[in-house]
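Comments concern the structure below.
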Amino acid sequence: MADDRVLLAHGSGGKVSHRLIDEVFMKVFTDPILNRQDDAAVVPGGEKLAFTTDSYVVKPIFFPGGDIGKLAVCGTVNDLSMSGAVPKYISAAFVIEEGFAFAELYRVVESMAAAAEEAGVAIVTGDTKVVERGSADQIFINTAGVGIMRPDVDIAASNLRPGDAVIISGSIGDHGVAVMSTREGLSFRTAIESDCAPLNALIAAVIDSGAEVHALRDPTRGGLASTLNEFAAQSGVVVAIDEKHVLIADQVAGACEMLGLDPYQVANEGKVVAVVAAADAEKTVAAMRTSPYGREARIVGAIAEAPDGKPRVTLKTTVGTTRILDMLVGEQLPRIC
Amino acid sequence: MCLGVPGKVITVKDDWIAEVDISGVVIDVGLQFTPEAKVGDYVLVHTGYAMHVMDEAEAMETLKLLEEMGAAAELPDGQIS
Amino acid sequence: MVKYLSEFRDPDLAAGILRRLAKVSTRPVSFMEVCGTHTVSISKNGLRQAVPENIRLLSGPGCPVCVTANADIDKMIAIAAQPDVILTTFGDMIKVPGSYSSLAKEKATGSDIRIVYSTRDAVKLAQENPDKRVVFYGVGFETTTPTVAMSILDAQQKNVSNYSVLSVHKVVPPAMKALLDLGEVTLDGFICPGHVSVVIGTRPYEFIPRDYGIPCVVTGFEPLDILEGILMLVEQVERGEAKVENAYKRLVTTEGNEIAMETIHKVFEPGDADWRGIGVIPGSGLNIREEFADFDAARLFAEVEVPPVKEHKGCRCGEVLRGVIYPYDCGLFGKACVPEHPIGPCMVSGEGSCAAYYRYDEKPRTGA
């Protein structure tokens, strides 16, 4: 690339824009469908499809264990996987602030390509806009994704039944703490890395195991607390979690103690919560553990009836008492009280 | 208000600053209120300052006392100290 | 495993203390915690429901965010809107509504408001932005006050002339006295704030057993600390005693942290403070001394116009803060007033009684 910074001209739609597209995106995302450069990607179909979209605006854009590009691909791959689909095609739309360094853009785009390759998805269409300095913060990415539904799966947050087992694929809070550790004004040093990862292979292993899967969700923003509360509300049940089975890395626990945060409300980007028929709990855990991202999968709780009709999430604390696990309200702010 | 968390002093730097390790998380902490703190000590960290050096002997003593209390409560009635 | 925390969360030891509590506690008692961190820990660990039914745990005015009067929040918002001001504060204060707005809303409409973890970060921000006026919104009790005093000394020493503090700091013992003098609640004991006591020691509570005959136990914030504190209070009650005891010896001494106390007194002098729900309590506030007038935002921004105070109708935060009612007893609790749409500060602050009860407590107990 002749230039070293993104200029407003790169978003103009003219020659300079084409150069940006050819020299960055087309070069890195080498896909035959994308290479056609049509307005929409035409893909083979005729099956039941899953379709999703998400925008990524993380700050800082590079963080321990990942970056905005990896996040943008994994997030959409995971959303498709959670519905029981096999992710196939992804779009990538960029909003870039003028002045953004090409060196960084390459890093982001290459990281997207690597994540897409690992997940076995093709980036088949895209868009780029460049905005004036100050109108965006470095780079925003939107990805949409299409996946082909696996036959004979019925996965939904409303499917939970009393007796079902609740399984998590590993530790919680890693992504949120990794990102926070690099934030201005909160600087603390820790070896913790974001768990950002594509989970399609892990989910495929779970479904292939033959386990009766009722619900799957990745506990991203709002953390495990939000996902479990969504489950409880949509199925009208009590989700009962035993804290002693929930894995929290020491550094995550330490950072949360220090900043007054609840690790249950801290974001994850490479974890799945599965609710399965109790009889298939061990089978599900074993299937998750075949994936490098599910080595620490474990059963953390069970679904119970809501006796008073009030769905909720309860947590048996390490000290042996029980409390409510509520959703995060508003922005997660460090507190000193 | 008063979230405080124990951390271990790992280095003492200039200008009253120490690096403190809170289970793998390292932050800079002011030592102005605990000039006696040295490497290896545990301190109570509140908003980036060490407010007290942990008394390890007292901590162990408390735990021992709590164990005894619980054990005493398990004895049949009438045998509680 | 966070050392010195995980040991104090041991379920077997907790079960032992609970068994012991059930054996020694024979009469109905009401204990009040006066630290918001205790309130949160009690709720978060489910202790309010775990203790024997005859032990009632009430929450007092322990959340500095909650007891900050609307007038003081309004003033801060007005200062934040002044030209060239960067307002710095702890994350706790951001969402709390004053009469008309909150810092979060002001931030969205253009005021430069930044969250800091330490007062050191606020002084640093002033050094990095010499053409701005960096104001730190100093809210908190004795645990936090020394760090704010230190920031003023630090700024003075480093000639950082664009740093100032709006002090809304409060001290705890006068508020405990005011509660007792109001005589609205019958208390059998105080669970005294652990980290405030790290700084002030245990001595300042001695007037409570002496003048009011009420037992006091200073304790920490882990479930075992709190259970031990409750047990020690119960044992005092059962023996008919009233004294100050220390269940947090690993961090609290009789004298407290003398350097921290000296630092407070060097920079601040006692003044009156307006507590939400209680009103003005003489000697419960801390004003910046004349000597440090250049760092006193109250003096520097004295001319800033603040709109007249407006209180929220129907909100019973005042009674909650005085321990007169449980959060559940307020008609707005969990209905019109929830964390998503808070009406009073007790529902906004993470350690507010209403928010803590709403978020964590398994089943309501009413009728304080």
Side-chain angles (χ1 to χ4, degrees), chain B residues 1-8 15-17 20-25 27-37 40-81, chain C residues 1-5 7-8 10 12-24 35-37 62-65 90 92 116-121 139-144 146-147 150 153 193-196 198-199 221 224-225 227-228 231 247-253 257 259-260 263 351:
Chain B
M1 142 176 271
C2 302
L3 215 58
V5 52
K8 187 181 187 176
D15 201 22
W16 296 99
I17 296 287
V20 169
D21 181 326
I22 301 163
S23 82
V25 173
I27 58 163
D28 287 341
V29 160
L31 288 188
Q32 286 93 335
F33 306 119
T34 57
E36 74 277 22
D41 283 347
Y42 275 80
V43 292
L44 179 79
V45 179
H46 174 70
T47 68
Y49 285 87
M51 303 310 295
H52 199 81
V53 177
M54 183 77 65
D55 189 328
E56 191 163 359
E58 286 289 359
M60 295 305 121
E61 183 64 29
T62 301
L63 285 171
K64 203 174 130 224
L65 191 78
L66 294 175
E67 267 170 46
E68 287 167 8
M69 270 180 198
E74 278 173 45
L75 297 174
D77 282 340
Q79 291 190 29
I80 295 167
S81 58
Chain C
M1 293 282 277
V2 184
K3 191 169 154 78
Y4 291 114
L5 294 186
E7 299 91 320
F8 292 90
D10 184 281
D12 295 333
L13 293 185
I17 305 175
L18 284 169
R19 277 195 304 271
R20 169 104 175 180
L21 262 178
K23 289 205 173 185
V24 299
C35 173
T37 313
C63 160
V65 169
F90 297 129
D92 312 60
V116 292
Y117 170 68
S118 169
T119 52
R120 224 176 18 249
D121 302 331
V139 176
F141 297 137
E142 292 92 325
T143 322
T144 315
T147 74
M150 188 55 76
L153 294 175
H195 291 158
V196 162
V198 166
V199 173
F221 300 93
L224 288 189
D225 290 319
L227 288 175
E228 186 193 9
L231 179 60
Y248 204 27
K249 287 189 179 159
R250 62 186 186 276
L251 284 166
V252 173
T253 60
N257 186 323
I259 300 174
T263 308
E351 67 166 10

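Residue numbers begin at 1 in each chain, while the letters A, B, ... track the order of the sequences.
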Side chain to side chain contact (heavy atoms under 4.5 Å, CB included) between C:Phe8 and B:Leu63, intermediate numbers included: CA-CA 8 Å; C:Phe8 292 90; B:Leu63 285 171; 3.7 Å; yes
Options C:Leu18, C:Leu13, C:Thr119, ranked by heavy-atom pairs under 4.5 Å with chain B, top entry: C:Leu13
Exercise: identify the closest heavy-atom pair between C:Lys249 and B:Asp55: O-CB, 4.1 Å
Structural part of B:Val53 lying under 4.5 Å from a heavy atom of chain C: backbone
Side chain to side chain contact (heavy atoms under 4.5 Å, CB included) assessment of B:Glu58 paired with C:Tyr248: CA-CA 9 Å; B:Glu58 286 289 359; C:Tyr248 204 27; over 6 Å; no
pair B:Asp28-C:Arg120: side-chain heavy atoms closer than 4.5 Å: yes
Shortest non-hydrogen contact from B:Phe33 toward C:Ala260: CD2-CA, 3.6 Å
Side-chain touch C:Val252/B:His52, heavy atoms, less than 4.5 angstrom: no
Atom pair CD/CG of B:Gln32 and C:Leu153 - distance to nearest 0.5 Å: 9.5 Å
B:Gly48 to C:Tyr117 - nearest heavy-atom pair and separation: N-CE2, 3.5 Å
Identified side-chain contact (heavy atoms from CB on, under 4.5 Å) counterpart of C:Lys3 within the set B:Lys8, B:Glu56, B:Met54: B:Glu56
Between B:His46 and C:Thr147, a side-chain donor and acceptor under 3.5 Å: no
Nearest non-hydrogen partners of B:Thr62 and C:Glu228, listed with the distance: CG2-OE1, 3.4 Å
Rounded distance (nearest 0.5 Å) linking atom CG of B:Leu66 with atom CG of C:Leu227: 9.0 Å
Heavy-atom closest pair, residues C:Ser118 and B:Thr47: OG-O, 3.0 Å
Under the salt bridge (charged side-chain N to carboxylate O under 4.0 Å, His left out) test, residues paired with B:Asp41 that sit two or more places apart: B:Lys38
Atom pair OG1/CD1 of B:Thr34 and C:Ile259 - distance to nearest 0.5 Å: 7.5 Å
Residue C:Thr263 versus chain B: region with a heavy atom under 4.5 Å: side chain
Region of B:Asp21 in contact with chain C, defined by heavy-atom distances below 4.5 Å: neither
Contact class of B:Val25 relative to chain C, heavy atoms under 4.5 angstrom: neither
Interface moiety of C:Leu231 toward chain B, non-hydrogen atoms closer than 4.5 Å: side chain
Cationic tip of C:Arg250 above B:Tyr42 ring, under 6.0 Å, 45° of axis: no
Heavy-atom closest contact (B:Met51 atom, C:Val198 atom, distance): O-CG1, 3.6 Å
